[in-house]
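Structure first, commentary second.
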Amino acid sequence: MDLETLIAQWSGKAPPGFVPQAVLREDPGTCVQTRCNKTRALKANGEYAKSCSGCLARRARSCKRRRTALTAEGGCRRCAYRKRLAGDFLCQRCRDDRDAERAQKRRDAIDAAAIDEFAARPDRAHEPSNLDCGVSPWNARKPRKASAAYWSPLPDPEPRQEREWARPLFDDGWRYKRC
């Protein structure tokens, strides 16, 4: 690494001869509303809106007035466009949306409580059980019973003549001859 770059990193200053890159931002342009020639407003995410800040505020006020008027005429207090249910201040669609949001918040709170409870437990090694191996009382095999062959390997449980696996592969081939 270059010594001057290292000094610049430590000191927090640009090294000598450093030329910063030019910021290439698009031209903001003008407001799209008729009879308005102001530059467009900048959104929170860095993009340009279609209108200037004055026109955006004017349209927001207009929407607020219209929604207030619709609510006064019996519209839903949340969306203002649909009629309220009898004896309620919300329409059916907004009521369903609100119930879904509340149920989701409730589920999130339960999940967060479970995570907090798990995190509050002291760290300890996992204690394995038969369930980790997939063994349960419903699918477990019956325990094996010990036979005489288990307790004493001699005498041989099967006669030595019948143990074909113990014979060499290269023999006279009596098994493959026809009588």
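Counting begins at 1 with the first residue of the sequence.
Applying the 4.5 Å side-chain rule to ILVMFWY residues, one finds Leu90 in the same cluster as Phe89. Other cluster members for Ile115: none, since no ILVMFWY side-chain heavy atom sits under 4.5 Å from it. In the hydrophobic clustering (ILVMFWY side chains linked at under 4.5 Å, chained through shared members), Ile110 stands by itself.
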Quick one: side chains of residues 37-50, donor-acceptor pairs under 3.5 Å with protein atoms, not counting sequence neighbours, listed by atom name and distance.
from	atom 1	to	atom 2	distance (Å)
Arg40	NE	Pro28	O	2.4
Arg40	NH2	Pro28	O	3.1
Asn45	OD1	Glu47	N	3.1

Enumerate, atom names and distances included, each donor-acceptor pair closer than 3.5 Å involving a side-chain atom of residues 52-66, sequence neighbours excluded.
from	atom 1	to	atom 2	distance (Å)
Arg66	NH2	Tyr81	OH	3.2

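Sequence neighbours left out, the pairs with a member in residues 95-110 that pass salt bridge (Lys or Arg N to Asp or Glu O under 4.0 Å) are Arg78-Glu101, Asp88-Arg95.
Atom CD of Glu117 sits in a sparse spot, with 12 or fewer heavy atoms from other residues, nucleotides or ligands closer than 6.0 Å.
The two atoms that bring Thr71 and Arg84 nearest to each other are O-NH2, 3.1 Å, heavy atoms only.
The CG atom of Leu70 lies 14.5 Å from the CZ atom of Arg77; values are rounded to the nearest 0.5 Å.
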- Query: Given Cys94 and Arg82, is the side chain to side chain contact (heavy atoms under 4.5 Å, CB included) satisfied, shown in steps?
  - Reply: CA-CA 9 Å; Cys94 289; Arg82 288 176 292 275; 3.9 Å; yes
